[in-house]
Amino acid sequence: MTVEWRADDLKEPLTFNGRVTMTKRAFRWAIPLATAACFLASVSTGAAQSSRARQAAAEPEIQAVRAIYQEVMQAVAANRLARRDTTVQCDGDDWGQTVTFRTDAAGRVRLLTWEGGTDDHAETHRFYYDGAGRLRFIFATYGAVNGTLLEERVYYATNGRLLRRLRTQTHGPGYSFVPPTPIWRPAEWLRRLCSGSRGGEGFVPPPVRAPPDGQSALL
């Protein structure tokens with residue numbers, strides 16, 4: 001392959017084997033642009049590889065959370081968890097909230113279900129706890145009058161660190177649902193339930209700080 005520079009003028013054409021392919025000015029910019037494109041591609045590849053590495057590192061903890069979910073559901077099916085239902089009607093609230101606790105023999109909450117909504121949507125949040133009373137998983141379902149259906153899954157490590165959040169719209173045009181708020185201490189949360197706020201997008205329960213590692217969520 002031969003390159004022929006026909007003139008010093010930057011506007012003169014650059015030829016390869018006698019065929020004009022680009023001007024010298026374009027060629028001058030083509031090299032840094034190509035370099036930048038390669039750099040951005042490498043950054044994108046590196047970010048994707050880093051994301052996959054983080055996901056792979058978290059997978060054992062995700063599997064542990066799934067095992068806890070299965071354990072709780074099996075205990076519910078076998079009636080090994082005591083059930084307690086509470087209906088809460090806050091001042092100025094036209095839509096009541098239903099809270100269901102399921103506790104083990106030691107009195108620890110293993111499953112908490114909150115149901116609520118407004119006149120244009122309904123939502124159910126289920127909170128799953130391990131044998132030490134630590135929140136490990138949230139499964140929330142939402143439905144709006146416009147036909148939108150959405151599911152959200154949130155995974156937590158034993159120290160409360162967020163492992164993964166998956167939000168999936170399964171039907172409809174969309175709706176601005178509020179993500180579920182973690183409930184670290186169920187008893188304290190229930191006492192403060194009516195101190196939450198209700199806006200146009202739904203009910204936002206009052207936040208409760210995460211308990212120290214190993215602290216159980218006793219009622």
Side-chain angles (χ1 to χ4, degrees), residues 55 57-90 93 95-117 122-143 150-168 177-198 202-219:
Q55 291 179 0
E59 195 58 34
E61 293 180 289
I62 296 294
Q63 293 300 326
V65 172
R66 289 174 176 155
I68 292 169
Y69 168 84
Q70 293 295 335
E71 175 194 351
V72 172
M73 296 308 296
Q74 291 171 3
V76 170
N79 293 319
R80 294 197 300 269
L81 300 179
R83 175 170 176 164
R84 171 184 154 195
D85 295 315
T86 302
T87 299
V88 180
Q89 189 79 33
C90 301
D93 187 1
W95 305 273
Q97 306 168 56
T98 301
V99 180
T100 301
F101 291 100
R102 291 184 181 270
T103 58
D104 59 18
R108 294 186 179 90
V109 174
R110 301 301 307 277
L111 173 60
L112 187 158
T113 302
W114 175 85
E115 298 175 87
E123 50 191 284
T124 299
H125 303 178
R126 295 180 175 89
F127 304 83
Y128 296 81
Y129 301 82
D130 62 18
R134 297 171 297 206
L135 177 64
R136 303 299 304 280
F137 181 60
I138 303 175
F139 177 55
T141 57
Y142 303 84
L150 185 141
E151 298 177 348
E152 185 160 353
R153 294 167 173 82
V154 191
Y155 301 77
Y156 293 100
T158 55
N159 62 358
R161 176 172 52 89
L162 177 65
L163 295 173
R164 185 174 298 171
R165 181 185 296 272
L166 301 174
R167 192 172 175 90
T168 306
F177 297 112
V178 177
T181 301
I183 299 177
W184 307 106
R185 297 189 180 104
E188 180 182 347
W189 172 85
L190 182 60
R191 288 192 298 268
R192 300 175 53 191
L193 183 56
C194 286
S195 65
S197 62
R198 179 177 295 282
F203 181 76
V204 182
V208 178
R209 289 185 178 180
D213 291 352
Q215 180 176 337
S216 62
L218 296 176
L219 279 176

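For the single chain, residues carry numbers from 1 onward in sequence order. Only heavy atoms go into these numbers, but all of them, side chains included; no hydrogens, no water, no symmetry mates.
Taken to the nearest 0.5 Å, the CE atom of M73 stands 7.5 Å off from the CZ atom of R126. Interatomic distance, CG of L150 versus OG1 of T141, reported as 9.5 Å (0.5 Å rounding). Here the straight-line distance linking atom CD of E61 with atom OG1 of T158 works out to 7.0 Å at 0.5 Å rounding. Between E115 atom CD and H125 atom NE2 the span is 10.5 Å, to the nearest 0.5 Å. The line from CZ of R102 to OG1 of T113 is 7.0 Å long, rounded to the nearest 0.5 Å. Rounded to the nearest 0.5 Å, atoms CZ (R84) and CG (L190) are 6.0 Å apart.
Using a 4.5 Å heavy-atom cutoff, the side chains of R134 and N159 are not in contact. The closest side-chain heavy-atom distance from W114 to P186 is not below 4.5 Å. Between V99 and W189 the shortest side-chain heavy-atom distance falls below 4.5 Å. Counting heavy atoms from C-beta on, the side chains of L112 and L135 never come closer than 4.5 Å. Two residues are said to be in side-chain contact when any heavy atoms from C-beta on lie closer than 4.5 Å; Y129 and I183 meet this criterion.
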- Verdict with reasoning, E59 to R66, per salt bridge (charged side-chain N to carboxylate O under 4.0 Å, His left out): CA-CA 10 Å; E59 195 58 34; R66 289 174 176 155; 3.6 Å; yes

- Query: After noting the C-alpha distance and the side-chain angles of F177 and E152, does the key distance pass the side chain to side chain contact (heavy atoms under 4.5 Å, CB included) rule?
  - Reply: CA-CA 10 Å; F177 297 112; E152 185 160 353; over 6 Å; no

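When all heavy atoms of P180 and R165 are compared, the closest pair comes out as CD-NH1, 4.4 Å. The two atoms that bring P179 and R167 nearest to each other are CA-NH1, 3.9 Å, heavy atoms only.
Looking at I68, V154, V72 one by one, the single match for side chain to side chain contact (heavy atoms under 4.5 Å, CB included) with R136 turns out to be I68.
A distance-only check finds no donor-acceptor pair linking the side chain of R110 to the backbone of T103 [under 3.5 Å]. The closest donor-acceptor contact from the side chain of Y156 to the backbone of I138 lies at 3.5 Å or more, if one exists at all.
Ring planes of Y155 and F137: tilted class, angle from 30 to 60°.
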